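Reviewing the structure listed below.
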Amino acid sequence: MSADISRPGPESRQAALFALPPAEAARALIGWTLTVDGVGGVVVETEAYHHEDPASHSFPGPTPRNAVMFGPPGRAYVYRSYGIHWCLNVVCEPEGVANAVLIRALEPTHGLEAMRARRGVADDRLLCAGPGRLCQALAVTRDHDGLPLDAPPFALVERGEEPEVVATTRIGITKAADRPWRYLVAGSPYVSRGPRRG
DNA sequence: CAGTGGATGCTCT
DNA sequence: GAGCATCCACTGT
């Protein structure tokens with residue numbers, strides 16, 4: 001069995017996604033399906049963190065914590081937030097400058113029972129509505145820091161139809177808080193906050 | 001529904 | 001020792 005390398009496959013589609021500048025990648029990532037060991041759902045909320053953005057972890061320069069951000073695109077940058085939660089980012093091109101997209105919320109579609117057990121909440125809208133909740137539901141920890149998102153245990157599958165995407169300001173930051181680099185699916189009940197119309 | 005504060009651990013100065 | 005790219009429980013309307 002030989003693969004047809006002249007035809008764009010899933011790998012190159014993902015590479016094209018990671019090759020975008022962070023704001024465009026953050027918007028383009030909406031609607032893709034992300035899973036970890038088969039558990040996850042559709043990305044409905046992201047935020048872009050540009051290397052020249054004071055709110056980005058990479059802004060002060062390379063440190064042991066943010067080292068993965070300065071590496072190849074398409075990898076997971078996982079950090080601990082407020083001593084309690086984990087948060088998951090995707091590293092974007094160009095390699096070396098440390099751009100990233102924070103994945104803030106999923107619409108749960110795969111492994112609902114596993115997510116409910118890990119989260120301990122009755123309301124499915126709260127399973128993955130926020131970066132910390134998302135990582136708890138998918139069991140993402142520091143062990144995943146630096147792993148490629150197009151290989152197990154991760155899987156990233158392209159969206160079928162283009163969702164309606166809305167841009168707003170980012171959540172929970174104090175620096176450069178006015179930049180409209182948060183993207184979400186219009187009207188989704190699964191985003192971390194904002195209009196849920198549902 | 002809005003506002004407040006505590007939990008908790010790691011990173012960097 | 002300060003400051004977090006958060007979440008939850010609790011308060012008061």
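Chain naming here is simple, since letters A, B, ... match the order of the sequence lines and numbering starts at 1 in each. Just so you know, these numbers come straight off a predicted model, no measurement behind them.
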## Note on the structure
Here the side-chain hydrogen bond (donor to acceptor under 3.5 Å, both in side chains) pairs for residues 76-94 of chain A, sequence neighbours left out, are His57(A)-Tyr77(A)

### Query
Which nucleotide, dG9(B), dC4(C), dC8(C), lies nearest any side-chain atom of Tyr82(A)?
dC4(C)

### Query
Nearest of dC10(B), dA7(B), dT11(B) to any side-chain atom of Arg80(A)?
dC10(B)

### Query
Does NE2 belonging to His110(A) count more than 12 external heavy atoms closer than 6.0 Å?
no

### Task
Compute the centroid of each ring, for Phe59(A) and then for His50(A), and state whether the two points are separated by less than 6.0 Å.
no

### Query
Counting side-chain heavy atoms from C-beta on, which of dA5(C), dT6(C), dA7(B) comes nearest to Met69(A)?
dA5(C)

Using a cut-off of under 3.5 Å, enumerate the N/O to N/O pairs linking the protein to nucleotides 1-5 of chain B.
none

### Task
Dot-bracket notation for DNA chain C is requested: 5' to 3', Watson-Crick or G-U wobble pairs only, both distances under 3.5 Å, with ( ), [ ], | and . as defined.
||||.|||||||.

### Task
Give, ordered by number, those residues of residues 86-108 of chain A having at least one heavy-atom distance below 4.0 Å to an atom of DNA chain C; if nothing qualifies, reply none.
Asn89(A), Leu102(A), Arg104(A)

### Query
For DNA chain C, which residues in residues 172-180 of chain A have a heavy atom at a distance below 4.0 Å?
Gly172(A), Ile173(A), Thr174(A)

### Query
Counting only side-chain N and O atoms of His85(A), is one of them less than 4.0 Å from OP1 or OP2 of dC7(C)?
no

### Query
Hey, does the side-chain of Tyr79(A) have a donor or acceptor N/O within less than 3.5 Å of a partner on the base of dA5(C)?
yes

### Task
Have a look at Gly132(A) and say if it touches a base, only the backbone sugar-phosphate, or nothing, with a 4.0 Å heavy-atom cut-off.
sugar-phosphate

#### Entry: Side-chain donor or acceptor of Arg104(A) paired with backbone N/O of Gly130(A) under 3.5 Å
no

#### Entry: Sugar-phosphate only, base, or nothing, as touched by Pro64(A) at under 4.0 Å among non-hydrogen atoms
sugar-phosphate

### Task
May I ask you to decide whether Arg27(A) forms a salt bridge with Glu24(A), counting only side-chain N to carboxylate O separations under 4.0 Å?
no

### Message
Can you identify which nucleotide, out of dC7(C), dC10(B), dT8(B), has its nearest atom closest to the Pro131(A) side chain?
### Response
dC7(C)

### Message
For the backbone of Gln14(A) and the side chain of Glu158(A), can you confirm whether one donor and one acceptor N or O come within less than 3.5 Å of each other?
### Response
no

### Task
Taking only heavy atoms on the protein side, list every residue of residues 110-118 of chain A lying under 4.0 Å from any atom of DNA chain C, sorted numerically.
none

### Task
Could you tell me whether the phosphate oxygens of dC8(C), OP1 or OP2, come under 4.0 Å of any side-chain nitrogen or oxygen in Arg133(A)?
yes

